[in-house]
Colleague: 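The structure is given below, and queries will be raised subsequently.
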Amino acid sequence: MRPTVQLVEEVVLRLEELLFPSIADVAVLLVDVNDEAVHIEARSTVIGAVCPDCGGWSRRIHSSYLRFPTDVPSGGRRVALCLRVRRFLCPVISCGRGPSRNSCQG
């Protein structure tokens with residue numbers, strides 16, 4: 001592995017630890033910092049979710065969507081977080097629940 005690639009991977013790992021210290025199932029895809037804002041793109045990496053109605057476990061992904069949680073400024077800059085979250089289908093036929101989203105804890 002080239003030293004530059006290894007350095008970039010180390011920086012991304014440290015950013016994930018710094019930005020999301022208590023959230024295990026989030027991958028940081030992009031961090032863009034300029035004079036006015038910090039833009040972060042991340043995605044949920046959970047492999048499944050529990051149905052909130054019947055408690056059934058599902059790995060079947062229905063879709064995903066973007067969330068834009070608001071945050072306080074950091075270092076005088078506006079922080080914009082773009083988080084892609086997966087929606088899963090309940091596997092229990094008798095449940096009747098449609099797609100349910102996973103939530104990032106932390």
Side-chain angles (χ1 to χ4, degrees):
M1 187 180 299
R2 298 185 327 205
T4 304
V5 172
Q6 187 175 8
L7 179 61
V8 169
E9 288 177 355
E10 288 176 20
V11 168
V12 168
L13 286 174
R14 289 190 178 141
L15 281 172
E16 286 180 4
E17 291 171 0
L18 177 67
L19 297 170
F20 304 102
S22 63
I23 304 175
D25 297 321
V26 171
V28 175
L29 305 174
L30 172 78
V31 177
D32 181 31
V33 180
N34 60 42
D35 292 338
E36 299 167 5
V38 178
H39 177 80
I40 304 162
E41 290 186 17
R43 67 176 175 85
S44 170
T45 59
V46 296
I47 59 170
V50 174
C51 175
D53 289 351
C54 73
W57 175 257
S58 178
R59 289 182 161 198
R60 185 174 170 200
I61 297 171
H62 174 269
S63 61
S64 66
Y65 65 98
L66 296 175
R67 295 182 65 189
F68 299 93
T70 57
D71 203 350
V72 294
S74 175
R77 295 181 176 111
R78 181 177 53 86
V79 176
L81 172 60
C82 175
L83 177 64
R84 180 164 298 279
V85 179
R86 293 175 174 171
R87 294 178 61 140
F88 295 90
L89 285 174
C90 180
V92 179
I93 296 170
S94 61
C95 175
R97 170 87 181 192
S100 60
R101 65 180 171 82
N102 75 284
S103 58
C104 297
Q105 305 296 320

Colleague: With hydrophobic residues grouped by side-chain heavy-atom distances under 4.5 Å, do V92 and L89 end up in a single group?
Modeller: no
Colleague: If you compare all heavy atoms of V46 against all heavy atoms of R86, which two are closest, and at what distance to 0.1 Å?
Modeller: O-NH1, 2.5 Å
Colleague: Shortest non-hydrogen contact from C82 to F68?
Modeller: SG-CE2, 3.6 Å
Colleague: Roughly how far, to the nearest 0.5 Å, is CZ of R78 from NE2 of H39?
Modeller: 9.5 Å
Colleague: Check P91 against S58 and note the closest heavy-atom contact, atom names and distance.
Modeller: CD-CB, 3.6 Å
Colleague: What are the two closest heavy atoms between I61 and F88, and how far apart are they?
Modeller: CG1-CE2, 3.6 Å
Colleague: What is the minimum heavy-atom distance between L66 and R84, and which atoms define it?
Modeller: CD2-NH2, 3.5 Å
Colleague: What is the minimum heavy-atom distance between V50 and W57, and which atoms define it?
Modeller: CG2-CE3, 3.7 Å
Colleague: Side-chain heavy atoms nearer than 4.5 Å, only ILVMFWY residues, links allowed to pass through others: does that put V33 and I40 together?
Modeller: yes
Colleague: Please check if Y65 and L83 belong to a single hydrophobic cluster, counting links between Ile, Leu, Val, Met, Phe, Trp and Tyr side chain heavy atoms closer than 4.5 Å.
Modeller: yes
